[in-house]
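Nothing here was measured: the structure is a model prediction, and the numbers come from that model. Here is the naming used below: chain letters follow the sequence lines, and residue numbers restart at 1 for every chain.
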Amino acid sequence: MKTKIILAIAALGVVLLSPGCATRSMNTVEAAQPEGIPNMIADKRIITDPSLSRKVYVVGVNESVTEAGYKKIQVELYNRTRSMKAFTYRVEWFDHEGMIISSPLDNRTPTQIEGGQKRNIAVLATSPKAVDFRFTFLESLKR
Amino acid sequence: MIKSILTIALTGTCAVFFMTGCSAPKTQYVDSDSSRLIANVDEINIQDFARAADEMVQSIIEECISTGALKGTNGEKPILAISRIVNNTSTQFDTDLLVKRIRTELLRTGKVLTTTTLNLDTSEDPLALEAMQMEEAIQQTRLVHNYTLSGKIIEVTTRTSNLRQSTYEFQLTLSDRRGLNVWEEVKNITKQGKRPTVGF
């Protein structure tokens, strides 16, 4: 009898709480045969926050180089959950000798990704010396 | 006896813990690109200027510098002068927080020359202006800019009973000597919140 009451209360709790945790997920449509062919590159990932990597999952990285030799990279992200995630990202650029290229524009950009959303973040190097990059993602601080 | 020793040891440990807590610094340095910087809704924070400048520079490089669209006089590098940047927000700040970042990064590309003498109001460097004027008198030539950068920063604020939202729109234009716009860009930074918070 006691178990039934506990189960009933638990079920009621789930029902009451679920609207509060309401999630929304994005529907997407795109060309089945895209004309653009991205130049995908092999990447190396270091995951220290598995929860974030599930919500901000890196599908792949592609790159291009402008006429004047500026490297541009694009990271395709996919939120594999049904809830929105706020995060920040930053790109660091390195020259031929592996030295970091500092800039007064260095900043950690805040952004967000909706549940089920696919989004691309494209960044252009502001120096033609930039040959390598490092993308970092960090969960936004809770307010 | 043992009880007394234990009590003293515990008291000592507690004192050490408390003292360590008390000696924690009240002020700490934070990297200017950290995610722990203070952000608030009612004003443009330093990280917002960096972000807006970064996106503007990327756009100028991609559309103008990388394509070779900016031309100088007689095959020389184009000279970029800073015109009026209007602050149409409710807070007062020095627009150099945005412009200096853009100018520095454009100069670093090596494809554009910037100037401290050809400014709208007063010369940024009076000594350089004096030298330029002397040089112009000797050589009977006049240094002219090829492009000017102008813009505006606008604030749009909305609020509900418990939430405030501010959008800061950065509008920049690059004009040539004929007054034609060779590049234009608009970037928005929108923030929501209830009170000043740490981080974004």
Side-chain angles (χ1 to χ4, degrees), chain A residues 48-49 52 56 62-75 84-95 99-114 119-131 133-143, chain B residues 30-41 45-70 96-112 163 187-200:
Chain A
T48 60
D49 186 348
L52 180 68
V56 186
N62 62 301
E63 67 172 25
S64 66
V65 180
T66 66
E67 289 170 41
Y70 290 85
K71 184 167 271 196
K72 188 174 187 179
I73 55 165
Q74 180 173 262
V75 177
M84 188 273 282
K85 188 69 187 169
F87 65 99
T88 63
Y89 68 88
R90 186 188 167 191
V91 193
E92 292 167 299
W93 293 98
F94 300 87
D95 66 13
M99 301 298 285
I100 192 161
I101 300 170
S102 64
S103 159
L105 309 178
D106 283 344
N107 73 101
R108 185 160 274 283
T109 306
T111 188
Q112 59 194 48
I113 187 166
E114 296 288 346
R119 69 170 291 195
N120 294 300
I121 296 174
V123 183
L124 180 78
T126 52
S127 168
K129 292 178 188 168
V131 292
F133 65 89
R134 182 191 292 146
F135 239 99
T136 54
F137 300 96
L138 184 66
E139 185 177 359
S140 288
L141 292 174
K142 296 280 187 293
R143 289 165 190 247
Chain B
V30 183
D31 286 343
S32 56
D33 56 347
S34 166
S35 63
R36 295 177 189 279
L37 295 173
I38 293 173
N40 49 13
V41 180
N45 303 116
I46 192 75
Q47 60 270 38
D48 300 325
F49 285 112
R51 183 180 160 198
D54 186 21
E55 292 179 2
M56 289 294 182
V57 167
Q58 284 189 43
S59 178
I60 295 176
I61 289 176
E62 189 163 24
E63 292 180 29
C64 299
I65 292 177
S66 198
T67 56
L70 301 184
D96 266 357
L97 285 165
L98 177 76
V99 174
K100 189 75 171 178
R101 284 181 165 84
I102 294 174
R103 212 177 74 180
T104 306
E105 204 58 33
L106 290 180
L107 186 63
R108 281 189 185 187
T109 63
K111 310 277 185 184
V112 179
L163 196 63
K187 295 287 176 192
N188 286 322
I189 291 181
T190 301
K191 299 193 275 189
Q192 282 184 349
K194 293 174 182 173
R195 59 184 185 279
T197 53
V198 173
F200 42 51

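To the nearest 0.5 Å, atom CG of residue A:L124 and atom CD of residue B:E63 are 10.5 Å apart. A distance of 10.5 Å separates CG in B:D31 from CZ in A:R108, rounded to the nearest 0.5 Å. To the nearest 0.5 Å, the span separating CG on A:L105 from CE on B:M56 amounts to 12.0 Å. Here the OG1-CG distance, from A:T109 to B:D48, works out to 10.5 Å after rounding to the nearest 0.5 Å. To the nearest 0.5 Å, atom CG of residue A:N107 and atom CD1 of residue B:I46 are 11.0 Å apart.
Around the NZ atom of A:K72, the shell of radius 6.0 Å holds no more than 12 heavy atoms that belong to other residues, nucleotides or ligands.
Looking at every heavy atom in both residues, A:P104 comes nearest to B:R108 through CD-NH1, 3.7 Å. Residues A:L138 and B:S35 approach most closely at CD2-OG, 3.3 Å, considering heavy atoms. The two residues B:Q58 and A:A122 make their nearest non-hydrogen contact at OE1-O, 4.3 Å.
Using a 4.5 Å cut-off between non-hydrogen atoms, the part of residues 98-107 of chain B that approaches chain A consists of B:R101, B:T104, B:E105.
Residue with the most contacts toward chain A among B:A53, B:S59, B:G110: B:A53 (heavy-atom pairs, distance under 4.5 Å).
At a 4.5 Å heavy-atom cutoff, the contact between A:T66 and chain B is made by backbone and side-chain atoms alike. In this structure, no portion of A:K129 lies under 4.5 Å from any heavy atom of chain B.
Listed by chain and number, the residues in a side-chain hydrogen bond (donor to acceptor under 3.5 Å, both in side chains) with B:T67 amount to none (sequence neighbours excluded).
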